[in-house]
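In what follows, chains are A, B, ... by sequence order, proteins preceding strands, each numbered from 1. This is a predicted model, so every value here is computed, not measured.
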Amino acid sequence: MQVSEQIMIQVRFKEKVVINGNETEYNDALYFTQEEYQAKSQSEIDMLKQERVTNWTNVIKNPPAFVEPTKAQLQEQKINLEAQLVDVNTKLLTAKDVVKVIG
Amino acid sequence: MANRYVRAAGGNYSVAATWASTSGGTDSVAVPTSADDVFLDANSGQLTIDATAVAKSFNCTGYTGTLTHNAFNLIVSGSVTLVAAMTYTPIFGSSFISMSGNCSITTAGKLQSFIQHTTSGTLTLQDNLTFGTSKFCVLVESQTCNMNGKTISGDSTINRLFVQTGTIGTSGTFILNGGTFANADFRDITLSVAADLSAITGGSGDCGGNTNITFTSAADQHWIAATGGSWSNSAKWTSRIPLPQDNVYFDNAFSASQTVTVDMRRIGKSIDWTGATGSPTFNINSAPNTIYGSLTLISAMTLTTGQTPVFEGRGSFTLTSAGKSFASITQSMFGGTLTLQDSLTMTGTFTLNNGTLNDGGFSLSMGSFSSSNSVTRTITKSGTWSLTSTGTVWDTSTTTGLTLTDTGTTSITDTSASSKTFAGGGKTYNNISITGGGSGAVIFTGANTFNRIQVTGGTKTITLPGSTTTTLISGGGLGNGTNVITFNASAGSATLSKSTGTLNWDYVNLTNIPSTGGAGFFAGDNSTNGGGNTGWLFRGNHQNNFAGDPHCKALWSMESGALTTDFISSNTLTNNNTVTANTTTFREKLASGNFVAASSQAFNITDANLVSGFPTKSGETNFTFSIAFWVLFTSFASSGSRRALVSKFESGTPLRCFRLSAHNNAGTNIARMTLGFNAGNTQEDIDHGSTLSTATWYHMTETYNNADKTYQIMLRDTNGAVVGVDKTGTATLDANKLSITTADLTIGCNGNTRTNFQDGLIDEIAVFDDILTAQEATQISLGTYGIYTHLEGGVRGLERGLYGRF
C-alpha cells in the first residue's frame, strides 16, 4: 500500500492563547495513522497539543534575531532578479516596438 | 559603433586601459558600449569581466588566453564566439551571458554557467552547449532557440541543467532540428515539433508548463536505506535520484540519528515522510530547493532548514508541517494552490509569487509575509497570522493580480524599539491585532480597509498613511484598556473613514487623523486631541439622557431622517425650505441641522400645536423656561441684525415673547436673549459678553425665571469649558413680566414672517420648563446629563435624570 493511500486521523484543535496581553486563537491539527492513534492515550495526545501551543507561544514571544542572508541565498536572489530584469527589458522593448508601429 | 580589442597587457573589462581600437594596438580607448564589437585575439592578454559588461558581439577567434568571468552579466546583442584554445572560467550560477534578438553562440566546449536569451528573435547554436559542474546552471530561453541539431547538456544527473523562461507561466520555444538534451529539467518550454525526450541521458525533468515534450515517466521513489545521506545519492532511492515529476516517500525504518540532506535544486513532486520511523532529520539547509507537489512532515522527525523551500506545483497541493519550523518559504505555484493542513511556523518570510495560498483556517507564525508583484495570485486567509519580525512585516504594496479573502486575524507581535510596517496595498483585511508595548511604531501604508484594529498589552504608536484614507468597518474598540495608543499621520493628514454606526475608541492620542464617511467618531473621555482631527468627538459615545427629566418638554436632536422629530414629546416641527441634515459635522448622535440663510431655511411649530405644558405656550401659566442647544455659524448677520436661533417672537408686533439669537452689535457678534413684555409690544435685550466666531461650536443655555425675572446666558465650548463669563441677572421688564404670545416657535429664524435666518448648524435643542444650573449646562454640553450618579451632593440636574442613587 502506498503511503499516500493510508487513512490518516486528523485531530484538529484550537486554543485561546494570550501572548504579551494579546489574546489570539491558535488553530492546529495533529495527524496519526490508525495504529498510532490507537496506541496513544488521550493524555498523550493532550501533551502533543500542549507542546504545539507552547512552541507557538515561544516563537512569537522570542522571535529570532534577523540573520544576514548567506552568499548562496544572495546568489539565488540575484539570479531571480536578473531574470526578472531581462524579462522586464524585453517587455519594454516590445512595447517600444509596438509604439513605433502604431506611430 | 567601433571595434574594441583587448590589449596585450589585458586587464579588467571595465577599465579603458584594457582596450585598444586595433588588434595589438596600445591606444587606450573607451570601454566597449552595446554598439561595439569586442575582440579577443592572438594579440590579447587575459581579460576579467569585473562588472556588468556590454558589447554588440563578443568574438574570441584566435584567442589563447584566459577569460575570467566573475559574477557579472555579459550582455551581447549579436554573436558570442568562444574558441577551443582559450580558457573560460565562469562562476557557475553567477556568471551570466545575456543575449538578445537574432544572435548565435559558439562555445567550443567551454562549460557554461548561465545563459539567457530574452529579447524577441532567435538564438542559434553553432555547436553543442554544455553547462558546468554546478546545480545552479540555467538556460533561460524566453523567445526561440534554434538548436541547429546540437545538444544542450547539463553536467550530470546531480548537477542538472534547468531550462526555463524568464517569467514563470510564459513559454519559450526550442527548435530541435535534430538536436537533443541531456541531464535537463524543463519549465514552460515548448518544442516547435513534438519530441520524445523520455530517454535522454540523465532523464528529462518536467517542472510544469511544457508543451510537445514526452518526459521520462514519473516513478515513485522511496528512500530504501536505514541510513541517511545525500539526496543526490542514487543508491538510496528505489530506481533513481527523484526527477521533478517523481513522488518521494520516506516510509522506511531509519537507524538512530540519521539525516537526509537535500543537496539538489529540484527535489521531486510530493514529498511524504508518513511512516518513517527512527526519528530521522530532514536537512534542507544546504541549498535552496524546489518542490513540485505537496510536503508532508511528521511529528517524529527533525527539520533543519536555513534555506528556502520553493513550492512550484501547478495543481492542488498541501503542506503538513507537523509543528516543524521553517526558515522561509516561497510559493511560485503558477495556477496552483497550496493548502495548509496544520499550523505553520517560520522564522523568516513567506513569499507568495504565484498561485493560491489557503491557510485552511490554521495559525501561521512568520517573521514577515511578502506578495508584492503583478501576477495572478490569491490569499485565502481565515486563521491567525502572527508576524513576528520588524521592518516590513507585511508587503502587498503592489496588488495587481492579487485576490485577498481575509476572514482571519493578522497579528503584529514584535514589541521591540524597531518599527514594523504593514504595506497593505489598499486591500480589504479582516481584523488586525497589534501587540502593544515597545517604542517601535507600527506603520501602515496603502488605502487599506480593516474590519477592526486592536491594540492590546501596552502603549503603542501607530502611523497611518498620510494623504490616504484608511477605512474601518467594525465599530469595536481598540481593546487597549487604559493604555494610551498614539495615532499620527506619516505626512499631512491620514483620514479614517467609517460609513455607518459609530467608532468608539478611548485612551487615544490623535494628531492629524480627520474622520469621514458618515459614522460617529468618538475618541473617549480619556483621549487627547493633538489637532487636525476633524469630525472626532473627544468624549465617550454617551448621550444626554433627558428621558428621566420630567421638566424636559421638547428635544429636537436634529438627526438625519428625523429633523422635525421631538424625541421626548410630540412637538413636531415643520421644515421650511428644506433644512438638511449634516452627517459630517455635528455634536450629538449622528447629525445636525444645516441651515442656509440664503435659502430661508428654518423650522417652526405653531403655538397651537405646542404640546400642553410647553413653557410660554399661550393660554397656559408657565412662563419659566430653559433652552439648551449647540450652534455653529457659517456667517453672521449684517451690523444691527441677527441670526435668530430659537424664538417665539415677531419683531414689530405684539407677538414678542422671547428670542435667542446671535446679534451683530456694530461688528461684534454676541449671544443675545430678548424678552418681550408690555403685552408683547416692547422688548428687553440681554447680551452675553463674549464675541462669537464662525466655524466654532458653541453650546448655549439660556434661562428665564418668571417668578423673579432672573435670567442666565451660559456658553460652553466643545470640551465643556465656560466661554467668557456666564451672564446672569434680573430683567427689568414691567410688572406683568414676560409676555406670552401666540407667535410660532421657530428654530433658525425669527417670527411668523420668517426673518433673521440662521446660517450654519444647530444641534440638540432641549427645552425645559424650569431653570438649569450652570453645572447642568456644562453636563449637557458634555453629553453626560442624566447619565452619572453621585454618592452625595448630586446636583439637581443629575437627580432629574437619575438611573440610580447609592
Query raised in the report: In this structure, are over 12 heavy atoms from other groups packed under 6.0 Å from B:K460 atom NZ?
Result: yes

Rounded to the nearest 0.5 Å, what's the gap from [atom1] on [X] to [atom2] on [Y]? Could you check?
X	Y	atom1	atom2	result
B:S299	A:R52	OG	CZ	5.0 Å
B:T435	A:I19	OG1	CD1	7.5 Å
A:N55	B:S343	CG	OG	10.0 Å
B:L364	A:N27	CG	CG	10.5 Å
B:T388	A:K61	OG1	NZ	14.5 Å
A:I60	B:T415	CD1	OG1	12.0 Å

Indicate the atoms forming the closest heavy-atom contact of [X] with [Y], along with that distance.
X	Y	value
B:Q341	A:Q10	O-NE2, 4.2 Å
B:S363	A:E25	OG-O, 3.4 Å
A:A29	B:F362	CB-CE2, 3.6 Å

Which atoms of [X] approach chain A - backbone, side chain, both or neither, heavy atom under 4.5 Å:
X	result
B:T320	side chain
B:Q454	neither
B:I298	neither
B:A327	neither

Picking from [options], which has the most non-hydrogen pairs under 4.5 angstrom with chain A?
options	value
B:S416, B:A322, B:G479	B:A322
B:L344, B:T384, B:T296	B:T384
B:G408, B:G481, B:S411, B:G457	B:G457

Report summary line: When B:L340, B:D342, B:T345 are each screened for side chain to side chain contact (heavy atoms under 4.5 Å, CB included) with A:D28, the one that passes is B:D342

Query raised in the report: What residues of residues 31-44 of chain A sit under 4.5 Å from chain B when you count only heavy atoms?
Result: A:Y31, A:T33

